[in-house]
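Just so you know, residue 1 is the first one in the sequence shown, and it goes up from there.
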Amino acid sequence: MAVLKSRDPANDEVLGEVQVARKADVVGAIEAASTATPLSLKARIAVVRRFQKHLLAHRDALGRLIAQESGKPLAEAMLADILAAHDAARHLADLAPKALAARRLSLDNILLMDRNASMTAEPLGTVAVIAPWNFPLSIPTTGIPTAWLAGNRVVFRPAPQTPLVGQWLAEALWTCGVPQDQLHIVHGGPEVGQALVAGDIDGLTFTGSVATGRVVATACAERLIPSVLELGGKDPMVVLPGGGPRVVQGAVWGAFTNAGQACASVERLYLPRADHHHLVAGIGRQSAGLRIGHGLEPGTEIGPVIDDAAVARIKSHIQDAEKRGATVLTGGVRD
């Protein structure tokens with residue numbers, strides 16, 4: 001069976017490997033999940049509460065794994081992945097009893113005044129969760145518990161760039177009480193994602209590119225199954241007149257957190273004409289002083305981008321901007 005090697009993007013060191021799922025494995029995971037019997041809501045909430053504690057108890061080793069496999073600095077791994085995942089799990093466990101409770105509906109139509117109506121939440125069935133590499137813990141820790149707390153079974157495909165974090169998450173949820181027949185993990189690249197989307201699933205959550213999102217949305221629409229898509233952004237920062245150092249700090253952080261590899265990272269700035277010169281100069285100076293290094297090195301502010309394909313995309317954007325008249329104030333070349 002083929003294996004998928006996990007590599008540290010800072011130095012290409014092999015961190016570990018996982019088995020790649022074949023199409024038959026994906027089909028088998030979906031079929032096995034479809035026959036699983038959900039736990040009671042009370043039991044499901046208790047599992048998610050245990051998972052919260054499990055995250056914090058293992059935060060040091062988990063933070064190092066995230067920093068090594070995704071390239072982000074350790075502080076970002078702690079804040080944007082582990083603490084974000086903890087807060088998401090807490091929020092979902094708190095929300096579940098009310099969100100899933102049956103409730104009476106008011107009928108304002110005069111023709112229905114003598115009728116009663118209520119709404120009951122029912123699980124969809126089997127939900128596929130296809131997660132990204134840029135936030136390999138926090139994003140699937142929203143998707144998986146959301147689906148599972150609602151009584152669904154889950155088939156999870158982590159990003160091929162961060163399979164070890166995905167495997168850690170699945171094993172942690174099993175350890176905390178999610179039955180293995182209710183949560184399956186399948187590793188691999190686009191072909192595994194395609195097999196999941198084409199499989200006999202009842203719903204899907206996907207985080208990834210706009211181009212792939214269109215394909216996923218079309219496939220789900222053709223089968224009339226619900227999908228939740230979180231895709232790329234082109235996010236502007238609007239600066240009001242009189243912006244000073246805090247604007248510079250906010251712009252630099254918004255642009256370079258996670259090495260700029262976030263759907264909500266700042267990609268454009270709208271600046272007052274009167275403030276343009278000093279703000280651009282300040283952003284250039286602060287950007288030039290950022291410390292680039294391995295995510296585990298003390299003081300690192302920017303880790304490596306995820307792979308050579310990402311490097312090529314960034315280089316093409318810089319070249320395109322220069323052709324359109326942009327001036328590169330700092331960087332612009334690969335070390």
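A single hydrophobic cluster is seen to contain both Val197 and Val186, as judged by linkage of ILVMFWY side chains at heavy-atom distances under 4.5 Å, directly or through other members. Hydrophobic clustering of Ile, Leu, Val, Met, Phe, Trp and Tyr side chains at less than 4.5 Å, counting indirect connections, keeps Leu169 apart from Phe135. In terms of hydrophobic clustering, with Ile, Leu, Val, Met, Phe, Trp and Tyr side chains grouped at heavy-atom distances under 4.5 Å, Val48 and Val154 are assigned to a common cluster. The cluster map of Ile, Leu, Val, Met, Phe, Trp and Tyr, joined by side-chain heavy atoms under 4.5 Å apart, puts Val216 and Val26 in the same cluster. Hydrophobic cluster membership differs between Val252 and Leu79, with clusters built from Ile, Leu, Val, Met, Phe, Trp and Tyr side chains linked at under 4.5 angstrom.
Here the side chains of Ile30 and Leu196 are in contact, with some heavy-atom distance below 4.5 Å. By the 4.5 Å heavy-atom criterion applied to side chains, Gln161 and Ser70 are not counted as neighbours. Taking 4.5 Å as the limit, some side-chain heavy atom of Ile185 sits within range of a side-chain heavy atom of Pro158. At a threshold of 4.5 Å between non-hydrogen side-chain atoms, the residues Cys263 and Leu231 do not count as touching. The shortest distance between side-chain heavy atoms of Met237 and Leu271 does not fall below 4.5 Å. Counting heavy atoms from C-beta outward, Asn258 and Ser265 have side chains that stay 4.5 Å or more apart. With contacts defined as side-chain heavy-atom distances shorter than 4.5 Å, the pair Phe206/Val228 does not qualify. In this structure the side chain of Thr141 never reaches within 4.5 angstrom of the side chain of Ile144, judged on heavy atoms.
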### Task
Run the numbers on Arg153 and Val127 for side-chain contact (heavy atoms from CB on, under 4.5 Å), then give the verdict.
CA-CA 6 Å; Arg153 289 84 64 185; Val127 174; over 6 Å; no

### Task
Give the intermediate values and the outcome of salt bridge (Lys or Arg N to Asp or Glu O under 4.0 Å) for residues Asp94 and Arg49.
CA-CA 9 Å; Asp94 289 345; Arg49 299 282 191 210; 2.7 Å; yes

### Task
Output, in order, the C-alpha distance, side-chain angles, deciding distance and verdict of side-chain contact (heavy atoms from CB on, under 4.5 Å) for Ser138 and Thr142.
CA-CA 7 Å; Ser138 57; Thr142 301; 5.9 Å; no

### Task
List the steps and the verdict of side-chain contact (heavy atoms from CB on, under 4.5 Å) for Leu83 and Leu56.
CA-CA 8 Å; Leu83 291 183; Leu56 295 184; 4.2 Å; yes

### Query
Going through the distances and angles, do Phe156 and His184 end up as a side-chain contact (heavy atoms from CB on, under 4.5 Å)?
CA-CA 6 Å; Phe156 169 41; His184 297 257; over 6 Å; no

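In terms of heavy atoms, Arg59 sits closest to Ile82 at O-CD1, 3.4 Å. When all heavy atoms are compared, the tightest approach of Pro304 to Gly71 is CD-O, 3.2 Å. The heavy-atom pair separating Ala310 from Gln261 by the smallest distance is CB-OE1, 4.3 Å. Across all their heavy atoms, Ala10 and His294 have their closest contact at CB-CD2, 3.4 Å. Taking all atoms of both residues into account, the shortest heavy-atom contact from Ala93 to Gln52 is CB-OE1, 4.4 Å. Closest approach of Trp133 to Ala159, counting heavy atoms only: N-CB, 3.4 Å.
Of the N and O atoms on the side chains of Ser6 and Glu69, at least one donor lies less than 3.5 Å from an acceptor on the other residue. Remark: the Ser209 side chain and the Thr212 side chain contain an N/O donor-acceptor pair separated by less than 3.5 Å. Side-chain contact of Gln167 with His187: a donor-acceptor pair under 3.5 Å is present, judged by distance alone.
Separation of atoms CD1 (Ile283) and CD (Gln249) is listed at 11.0 Å; rounding is to 0.5 Å. In this structure, Leu137 CG and Ile66 CD1 are separated by 4.5 Å, a value rounded to the nearest 0.5 Å. Atom-to-atom distance recorded for Thr207:OG1 and Leu229:CG is 8.5 Å, nearest 0.5 angstrom. The CG atom of Leu15 lies 11.5 Å from the NZ atom of Lys5; values are rounded to the nearest 0.5 Å. Atoms CG and CH2, on Leu290 and Trp253 in that order, are 13.5 Å from each other to the nearest 0.5 Å. Rounding to the nearest 0.5 angstrom, the gap separating the CG atom in Leu41 from the CG atom in Leu100 is 5.5 Å.
No salt bridge links Asp60 with Arg64; every basic N to acidic carboxylate O contact stays at or beyond 4.0 Å. A salt bridge between Asp307 and Arg7 is absent, with no side-chain N of the basic residue lying under 4.0 Å from a carboxylate O of the acidic one.
Residue pairs meeting the side chain to side chain donor-acceptor pair (under 3.5 Å) criterion with at least one member in residues 309-320, sequence neighbours excluded, are Asp320-Arg324.
When atom types are taken as modelled, the side chain of Ser40 and the backbone of Ala43 share a donor-acceptor pair closer than 3.5 angstrom. With Arg157 contributing its side chain and Gly189 its backbone, the two residues share a donor-acceptor pair below 3.5 Å. Not a single donor-acceptor pair under 3.5 Å links the side chain of Asn152 to the backbone N or O of Thr126. Of the possible donor and acceptor atoms, one in the side chain of Arg44 sits under 3.5 Å from a partner among the backbone N and O of Leu149. Remark: the backbone N or O of Ser118 is not paired with any side-chain donor or acceptor of Arg104 at under 3.5 angstrom.
Residue Arg268 places its CZ atom among more than 12 non-hydrogen atoms of other residues, nucleotides or ligands, all under 6.0 Å distant. Applying the 6.0 Å contact sphere to NE2 of His278 captures more than 12 heavy atoms from other residues, nucleotides or ligands.
With sequence neighbours left out, the ring pair (Phe, Tyr, Trp, His ring centres under 6.0 Å) criterion links His54 to His58, Trp168.
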